[in-house]
Amino acid sequence: MSVVFKPDETFRGEFTYSNSVAAIRRFPLPFAEDNYMYSVNIEPHAPGPKGSVTEFAFDVDEHYVAECKERALVLAAEPLRYQALPHMMSSQWDCLELVMESLSHDYPQLFSLERRSNAWHWINRPLGLDQRFTFGDVASLPCEPLDYATRQAQGDFVVMDQRDGDLWAEAGMVTTQADWSMDFDLGMTFREWHGPVPLAHEMQVFDRALKFLLNLRLGAPVRRLNWTMTVHPRLDTSPENYPKWGQDRARVTAKDAGDLVHLRVELQGLWRLPRSNAIVFGIRCYLISVRELATVPKWARRVHRVLKGLHPALVDYKGLTRYRDAVVEWLAPFDDGAPTTPGAGPE
Amino acid sequence: MLITGIKSKPIYAPLRFDEGGRYHLMLGLGVGREPLRRVLDEVRDQQALAVARTEVLYVPAAGDTGKATDQFALPGLAAVCLFGNSNALLEDFRARLGRSLMGTRLYVAGPESFIGMAMKVALDFNLNKDEIRAEECGTLARRVRCIHCRAITEDVKTNIAQCIGCGLWLLVRDHYSRRLAAYMGVMADAEAPGELPEIREVFL
């Protein structure tokens, strides 16, 4: 079954974004149990079941065209949401190759890539792009290679250089983030970059994750899920634009929480890159309204219980303080106390 | 949102002489003179020949009119240069780094914001962290970068400060960028306009 795009849905203004029934069923719920705490929940990024969000390296779903349009809008207003330090050029080409090879291999009806030595020919049918360029020659593309490739992908991308036993966030396309800034964090070490995350440092989560990632092997990508919540299906909840979206958090009531509040799940993938030895960190954002979520009875119970018992430091960090109770109240009628089946699946 | 206790906030250790270095470049501002004097004593006692390969750049505290030889009374130093302000010192520091040799060790002593600016210059020259030492003393006033308009507000002493660029009231977080030599400032009343926490002097 090929994906049907919804090119006109929006992540701002009227917020016309929504999920089809099929998109709800494949939503990557990050809760395998009725409670949640951090863990180093890293697993191999191996192909998942057919039709699932992990079937391919990069999932292209019904929101692809609309998300690329949204990214273009953000970049037009704020070009610095894409940044790369000068020494990252080799890793930029690595990323372009990874994105183009994966998309054209996994979705041949949508994308095609022809390589004759360094003469490459890329076709992106959903976005109507046809680009011939010379691999390694920045001047042969309309913009830098990481910029070019990630304008045509869903999710944010951060490229981390590896040296001195650390990972340095030194390039990135970040327009769909949950309240962190590439512009501010550019050049930071792994621990500095994750500095604002509470509790996890004390749990040695980042020490262990860093140790693991420093040994990440080529051809053996890994993934994990992370989550927060967002009012409206707003992809750009950057700190830069906090003055525009901050007030949304104060407007949620128990009556409209189901429609306003969205579970925001990040499918994070990490790939070692072949030439630069850098690591690219993909942060793909999936949004689902609490009402859409509640169409799956197990998920309604599960999310109700997770939110109700969430650690106060996480409530604060995830910015849920003003509306967590409203969501819990909205979901309460869906939770009859029945046990939930193990695992995150809908059944 | 985590405001304090963020791990990107730099922590500095007391300055010690690095005997492994061949050239020693010391930067100080105001009360940073005392740690530098302490290290100079260590140089003299541990490796007297290194005194002639040690340079000191210093911004005296306001009202301090002492001559260079009064500030650092150690005969035989390669150079002691005094500056009227930190910008002038940093400009000279940049020029010196540009012609510095392998084996140069950097020592910085003074307020955190001064150290941050010196580190930012050192970062431009890819100095290794083993080659830099810094000791924090003096005011805790912060350089704050507005996450919304990117302007830098200097010398912030309060938990909430008005951005010099866009005028928003910014909450000063512990999140620190060495590349920018600044802390992050985020709009304090974005969720409830006009509702500002009490403004207190916290970075003194």
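Numbers restart at 1 for each chain; the letters A, B, ... are given by sequence-line order, proteins then strands. Values in this document were obtained by computation on a predicted structure and should not be read as measured data.
Ranked by heavy-atom pairs under 4.5 Å with chain A, the list B:M187, B:R173, B:H175 is led by B:H175. Put simply, of A:G187, A:S238, A:G319, A:G246, the one with the most heavy-atom pairs under 4.5 Å next to chain B is A:G246. Counting heavy-atom pairs under 4.5 Å between each of A:D164, A:D185, A:T321 and chain B puts A:D185 at the top.
What you find for A:E240 and B:H148 is that their closest heavy atoms are O-ND1, 3.0 Å. Taking each heavy atom of A:T189 and B:R178 in turn, the nearest pair found is CG2-NH2, 4.0 Å. Heavy-atom minimum distance, A:P243 versus B:A190: CA-CB, 4.2 Å. Of all non-hydrogen atoms in A:A250 and B:E191, the two that sit nearest each other are CB-O, 3.6 Å. The shortest non-hydrogen separation linking A:M188 to B:Y176 is CE-O, 3.2 Å.
Heavy atoms of B:I147 lying under 4.5 Å from chain A belong to its backbone as well as its side chain. The part of A:E202 that comes within reach of chain B is its side chain, from C-beta onward, which places non-hydrogen atoms under 4.5 angstrom from that chain. Interface residue B:L168: only side-chain heavy atoms are found under 4.5 Å from chain A. For chain B, the nearby part of A:W193 is the backbone; its heavy atoms alone come within less than 4.5 Å. Both the backbone and the side chain of A:L186 come within contact range of chain B, each with at least one heavy atom under 4.5 Å from a heavy atom of that chain.
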